[in-house]
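Let me begin by presenting the structure, written as structure tokens, before commenting on it.
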Amino acid sequence: MIDYVFGYASLVALADEKAALGRLRGFRRSWGVAMNNWEGGARVKHWLDRVSGERPRIRVAYLDIYEDADCAVNGLALPIDAERLPALDAREINYRRVDVTAAFEGDATGQVFTYVGLDAARERYRQGIDEGNTFVSRSYLSEVRRAFERLSPEELPEFDRTTDPLPLPARDLLRVDVEGRSR
């Protein structure tokens, strides 16, 4: 049984009254995973250019964490049950779920898991940086920053302090979810 999933990026936006503020000791945030926006057809999550409406042949980057003994990332431990877990695993397609209970500092009791970038997603990111075709969605970046800002006045500055600087350009993209909904 999964007790909590620690969100350190967009999962923070799923906060509810049962979520617990916390930190993962020994980790730092970075822009480190990407998806190939041209793969998978119309039935998978992808991004459209907001101006042209076209699906650009780019890689779209997301936040990840990596081990750093001198750091601890802030975020939320979200209570999770066996029914909700498959939906989160499907949402986090560029990541794998790992047990971070020993690294979690906060009020959550029980096991704590988080998502870390898959090797393939990290390689897509590296290739995209080398090729100059990797971008972050402005809406994703704004959503993450707003989620931390809503937690408390201290959380957004802590997010900034424990996150590597954005090494690539932001682009105005519209997300199309698997179900065909746009955001």
Side-chain angles (χ1 to χ4, degrees), residues 2 4-19 29-65 73-98 112-129 131 133-151 155-156 159 163 166-183:
I2 304 297
Y4 294 88
V5 169
F6 182 79
Y8 56 85
S10 63
L11 287 179
V12 173
L14 302 179
D16 63 23
E17 66 279 350
K18 297 177 186 174
R29 256 182 302 263
S30 70
W31 299 92
V33 300
M35 62 171 276
N36 293 334
N37 195 51
W38 61 87
E39 293 181 344
R43 299 183 67 85
V44 299
K45 178 177 85 172
H46 59 277
W47 298 86
L48 301 177
D49 182 277
R50 284 190 188 267
V51 175
S52 71
E54 295 181 5
R55 185 174 179 171
R57 189 176 172 82
I58 61 172
R59 291 183 172 93
V60 180
Y62 302 95
L63 285 162
D64 191 10
I65 54 173
V73 296
N74 59 329
L76 279 182
L78 305 164
I80 198 75
D81 57 33
E83 292 177 14
R84 190 172 175 202
L85 190 58
L88 274 181
D89 286 347
R91 177 185 191 265
E92 301 299 322
I93 194 166
N94 290 298
Y95 301 84
R96 71 183 185 285
R97 184 170 21 99
V98 297
V112 179
F113 291 79
T114 198
Y115 292 95
V116 297
L118 294 170
D119 290 344
R122 289 175 172 176
E123 182 57 28
R124 285 190 294 272
Y125 178 83
R126 283 189 288 274
Q127 287 174 344
I129 293 297
E131 296 170 12
N133 70 347
T134 302
F135 299 86
V136 65
S137 164
R138 270 194 193 95
S139 60
Y140 171 81
L141 181 57
S142 294
E143 175 186 329
V144 171
R145 293 185 62 75
R146 275 193 311 270
F148 277 91
E149 193 171 49
R150 282 192 302 264
L151 291 177
E155 295 303 318
L156 182 58
F159 168 86
T163 304
L166 182 63
L168 45 99
R171 187 163 170 176
D172 200 13
L173 300 169
L174 175 69
R175 187 176 80 207
V176 178
D177 290 329
V178 176
E179 300 86 23
R181 294 187 320 260
S182 298
R183 292 182 39 189

Just by distance, do the side chain of [X] and the backbone of [Y] share a donor-acceptor pair under 3.5 Å?
X      : Y      : value
Tyr115 : Asp64  : no
Arg171 : Asp49  : no
Asp119 : Arg122 : no
Asp172 : Arg50  : no
Arg29  : Asn74  : yes

Does any part of the side chain of [Y], heavy atoms only, come nearer than 4.5 Å to the side chain of [X], both counted from C-beta?
X      : Y      : result
Asn94  : Arg124 : yes
Leu173 : Asn37  : no
Val116 : Ile65  : yes
Leu11  : Thr114 : no

CD/Glu83: more than 12 non-hydrogen atoms of other groups inside 6.0 Å: no
Smallest heavy-atom separation, Leu168 atom then Phe135 atom, equals CD1-C, 3.4 Å
Evaluate the ring planes of Tyr140 and Tyr62, with Trp represented by its six-membered ring, and classify them as parallel (under 30°), tilted (30 to 60°) or perpendicular (over 60°). perpendicular
Go through the steps for Arg59 and Thr134 under the test side-chain hydrogen bond (donor to acceptor under 3.5 Å, both in side chains), then give the verdict. CA-CA 5 Å; Arg59 291 183 172 93; Thr134 302; 5.2 Å; no
Just verifying a value: how many Å separate Arg97 CZ and Ile80 CD1, rounded to the nearest 0.5 Å? 9.0 Å
Glu123 and Arg126 ion-paired at < 4.0 Å: yes
